[in-house]
Number of protein chains: 2
Amino acid sequence: MTGIRGEQKERTRRAILDAALSLSDGSALVALSLRQVAKEVGIVPTAFYRHFPSIEDLGMALVEESLDTLRTLLRELRRTAGDDFRSIIDGSVTVLVTQVRQDQAHFGFIARERFAGPPAVREAIARGIELAERELAIDLAHLPGTDQWSEEDLRVLSTLIVGAMVATAERLLTAGSGSDAERKVADTARAQLRMMLIGAMQWRSRPSP
Amino acid sequence: MTGIRGEQKERTRRAILDAALSLSDGSALVALSLRQVAKEVGIVPTAFYRHFPSIEDLGMALVEESLDTLRTLLRELRRTAGDDFRSIIDGSVTVLVTQVRQDQAHFGFIARERFAGPPAVREAIARGIELAERELAIDLAHLPGTDQWSEEDLRVLSTLIVGAMVATAERLLTAGSGSDAERKVADTARAQLRMMLIGAMQWRSRPSP
DNA sequence: AGTTTGGGTGTACGTCTGTACACCCAAACT
DNA sequence: AGTTTGGGTGTACAGACGTACACCCAAACT
């Protein structure tokens, strides 16, 4: 499969994906035309079909790629998790900032298409986020203090945390890299994680505030 | 200004706004064409210009309208707020569900265009949400237990709560009206509000978990 | 009663879109 | 060495797009 020909094809395919990512930034996937992408890549419009049957399929490829980097983020979060609360919180926010910066185009794509994309794309993104929530619920169950928690309570907390992290990622995309705004977003995220975990620790011992 | 003529013009203008709202549902504003809207309304394409200079301006009108219903939601939340935590939480979630259902098209529009819309639209929506955060911070300062809080802490908590409410609204849009899913989303939102407020109450007395 | 105004119409144009088709030629295979 | 394969090219066309222009006619004004 890989020869001079295979390499060249792969390179063009990547160029198409990158062009689509950069062109749809600032707008949406649906506003993308096959001809624009082809012009950006430097190929003739009809050559596009050698790689994708339609723009729709290009979109699905971008979703899968973007969800892949989302899964990388989750893996990285688990891999670097410390023992005490403080290091878990600080480490997680640092990893989040790093990964969002590293794959800004993918996270931006997810943010844009989550609600504005075609149905298949929306569903794929929703499943990706649900997966993150389920995995976090499992991790939370291993924390001290959640021994007696119901599945339901674990789900409630994990969706709360994931939601806050998604909001943080979206704010990071708006803030410039290395800016004061970025530091402020990170500080806010840390404080919010602390608040949520304090609430969680007091949860069953004091169920209603 | 209002005569038979003025009424007719207003009616057509409304029809255009409604058509745009319903046509952009399931996709995005940028995917909307002047001719589609005109056909849906039942007027000839060029007649569109009697009401809006361009599709872009139509979009801005829709944003303003949608942000108006967002402000209505905020006003309603304050108006019905009870005294104790339990009634504040339950009342707020009920109002949220009711209002989102009542103006589903507007909230859906905000969700879609928040990150996928043209820059001016994104900024307008961001300002609307920031406003909600600032107002909530003011309300939170009047709650028992937040007497000694810094401005910063109030901001951190209000953005956390607003973020969770935005996520709840987005989930409501996905869930069918009156469905089991809808009740589950509401239950989750109530539990999350309780968790966050428990965390907040323990905040300064126990700053790090 | 006569004139002006303005929302809606119909035609027309240039541009951009997706895509079908025939073709090219170097890499890959026999 | 001869043949096949497949990514890229160039031309071509029908349809949708935004929009300019001249026109219509009932409501509104004088």
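Every chain is numbered from 1 and lettered A, B, ... according to where its sequence line falls, protein lines coming before strand lines.
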Inset, instruction - Go ahead and write out DNA chain C as dot-bracket, 5' to 3': ( ) for pairs within the strand, [ ] for ones crossing earlier pairs, | when the partner sits on another strand, dots for unpaired; Watson-Crick or G-U wobble, both distances under 3.5 Å. - result: ||||||||||||||||||||||||||||||
For [X] and [N], give me the distance from atom [atom1] to atom [atom2], rounded to whole Å.
X       : N      : atom1 : atom2 : result
A/Leu34 : C/dT19 : CG    : P     : 7 Å
A/Glu7  : D/dG8  : CD    : P     : 14 Å
A/Ile43 : D/dG7  : CD1   : C1'   : 9 Å
A/Glu10 : D/dG7  : CD    : C1'   : 14 Å
B/Arg35 : C/dT9  : CZ    : C1'   : 13 Å
B/Arg13 : C/dG7  : CZ    : P     : 12 Å
B/Lys9  : D/dA26 : NZ    : P     : 20 Å
B/Lys39 : C/dG8  : NZ    : P     : 19 Å

Between the side chains of [X] and [Y], is a donor N or O closer than 3.5 angstrom to an acceptor N or O?
X       : Y       : result
A/Gln8  : A/Arg11 : yes
B/Asp25 : B/Ser22 : no
B/Thr72 : B/Gln99 : no

Inset, instruction - Please list residues of residues 44-53 of chain B whose heavy atoms come under 4.0 Å from any atom in DNA chain C, ordered by number; otherwise none. - result: B/Val44, B/Thr46, B/Ala47, B/Arg50, B/His51
Legend entry - Donor-acceptor pair (no angle test) under 3.5 Å: A/Arg5 side chain, D/dG7 base: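 By the distance-only test, no, there is no pair.
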Legend entry - Which residues share a salt bridge (Lys or Arg N to Asp or Glu O under 4.0 Å) with A/Asp83, sequence neighbours left out: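 So A/Asp83 forms no salt bridge (Lys or Arg N to Asp or Glu O under 4.0 Å) with any residue.
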Legend entry - CD on A/Glu133 to OG1 on A/Thr159, rounded to 0.5 Å: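 If we round to the nearest 0.5 Å, A/Thr159:OG1 and A/Glu133:CD are 5.5 Å apart.
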Inset, instruction - May I ask you to check whether over 12 heavy atoms, not counting those of B/Glu10, lie within 6.0 Å of atom CD? - result: yes
Inset, instruction - State whether the number of non-hydrogen atoms from other residues, nucleotides or ligands found under 6.0 Å of A/Glu152 atom CD is greater than 12. - result: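 Enclosed: over 12 neighbouring heavy atoms sit under 6.0 Å from CD of A/Glu152.
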Inset, instruction - Could you pick out which residue, B/Ile4 or B/Ser33, lies toward the 5' side of DNA chain D when each is mapped onto its nearest nucleotide? - result: B/Ser33
Inset, instruction - Starting from the 5' end of DNA chain D, give me the residue, B/Ile55 or A/Gly42, whose nearest nucleotide shows up first. - result: A/Gly42
Legend entry - Under 3.5 Å donor-acceptor, A/Thr146 side chain and A/Leu140 backbone: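 Side chain of A/Thr146 to backbone of A/Leu140: a pair is present.
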Inset, instruction - Any chance you could lay out the side chain to side chain contact (heavy atoms under 4.5 Å, CB included) test for B/Trp149 and B/Leu157, step after step, and finish with the verdict? - result: CA-CA 11 Å; B/Trp149 281 40; B/Leu157 178 58; 3.8 Å; yes
Inset, instruction - Give one of base, sugar-phosphate or nothing for A/Ser54, where a contact means two heavy atoms less than 4.0 Å apart. - result: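 Contact class for A/Ser54: none.
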Inset, instruction - Would you indicate, yes or no, if D/dA16 has its OP1 or OP2 atom less than 4.0 angstrom from a side-chain nitrogen or oxygen of B/Gln36? - result: no
